[in-house]
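In what follows, a single structure is set out as structure tokens and then discussed.
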Amino acid sequence: MLSKAVACIASLALAAPSIAAPGAAQPMRTSTEAAAALSTALKRADRLDIYFVSLTGEYSLQGQKLKDSSSIRIVRPCGANCEHLMRDVIAHLKAATPTPCAKGQENVLIEIGNEASILYSHGGRNISFEGSCYFNPTGVGTIIRRSDFIFQ
């Protein structure tokens, strides 16, 4: 009888969904799922704040420290056009490969209104978005430094 109860409890534990503790690593999403989430955030946003950091050596910057260290900041109102404006950034994320997150060498931060943010590091090739990380061998700087992106 006791063995049946243990087996029943064990099967319930296996069937129950896991709940991650706050701050715990989230399950990695595919880049297609991440691109869809980015697209949704951009549809709801009305502006972008883009920060470029130009530092050398070993460094790790997060949040306000990254913003304070940025050499260029672009505030770009985009209204209902944010998703269209960022279509190449969405495609860059969608073409990326999920990878473990690596700290350091952060060089571009894009804040999407109050909706979300996306952080690039290591020459814009490592992408961090909503708790998951991705790698694209093409740096995002080639996309967002184009004048038609900024002045479109």
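Note that this is a predicted model, so its numbers are computed, not measured.
- Ser128 pairs by the side chain to side chain contact (heavy atoms under 4.5 Å, CB included) definition with Leu119, Cys133, not counting sequence neighbours.
- Minimum interatomic distance between Ala96 and Ser31 (heavy atoms only, all atoms of both residues): O-OG, 2.9 Å.
- How far CZ of Arg44 is from CG of Asn114: 11.0 Å, rounded to the nearest 0.5 Å.
- Counting all heavy atoms, side chain and backbone alike, Ala41 lies closest to Ala116 at CB-CB, 4.1 Å.
- The stretch residues 67-96 participates, sequence neighbours left out, in these disulfide bond (SG atoms under 2.5 Å apart) pairs: Cys78-Cys82.
- Using a 4.5 Å cut-off on side-chain heavy atoms (C-beta onward), Val140 and Ile127 make no contact.
- Taking CZ from Phe52 and CG from Leu109, the interatomic distance works out to 10.5 Å, rounded to the nearest 0.5 Å.
- For Arg47, the side-chain hydrogen bond (donor to acceptor under 3.5 Å, both in side chains) partners at least two apart in sequence or on another chain are Asp49.
- With sequence neighbours left out, the side-chain hydrogen bond (donor to acceptor under 3.5 Å, both in side chains) criterion links Glu83 to Ser39.
- Residue pairs meeting the salt bridge (charged side-chain N to carboxylate O under 4.0 Å, His left out) criterion with at least one partner in residues 99-112, sequence neighbours excluded, are Lys67-Glu111.
- Looking at residues two or more places apart in sequence or on another chain, you find a side chain to side chain contact (heavy atoms under 4.5 Å, CB included) between Thr32 and Thr30, Lys94.
- His92 places a side-chain N or O within 3.5 Å of a backbone atom of Thr138 that can act as its donor or acceptor partner.
- Taking OG from Ser117 and CD1 from Ile110, the interatomic distance works out to 9.5 Å, rounded to the nearest 0.5 Å.
- Side-chain atoms of Ser132 do not come within 3.5 Å of backbone N or O of Phe129 as any donor-acceptor pair.
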Check the pair Leu48 / Ile112 against side chain to side chain contact (heavy atoms under 4.5 Å, CB included), numbers first and verdict last. CA-CA 5 Å; Leu48 303 170; Ile112 304 160; 4.1 Å; yes
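- For the residue pair Gly104 and Ser60, the shortest heavy atom distance occurs at N-OG, 3.8 Å.
- One finds the CD atom of Glu33 at 11.0 Å from the CG atom of Leu93 (value rounded to the nearest 0.5 Å).
- Atom CD of Glu115 and atom CG of Asp46 lie 8.5 Å apart (nearest 0.5 Å).
- The two atoms that bring Tyr134 and Pro98 nearest to each other are CD2-CA, 3.7 Å, heavy atoms only.
- Inter-residue side-chain proximity for Leu42 and Leu85 is flagged as unmet; no heavy-atom pair is nearer than 4.5 Å.
- Residue Gln105 comes nearest to Glu58 through the heavy atom pair NE2-CA, 3.4 Å, listed as atom of the first residue, atom of the second, then distance.
- Distance check, rounded to the nearest 0.5 Å: CG of Asn107 to OG of Ser70 gives 12.0 Å.
- Side-chain atoms of Tyr120 and Val89, non-hydrogen and from C-beta on, do get closer than 4.5 Å to each other.
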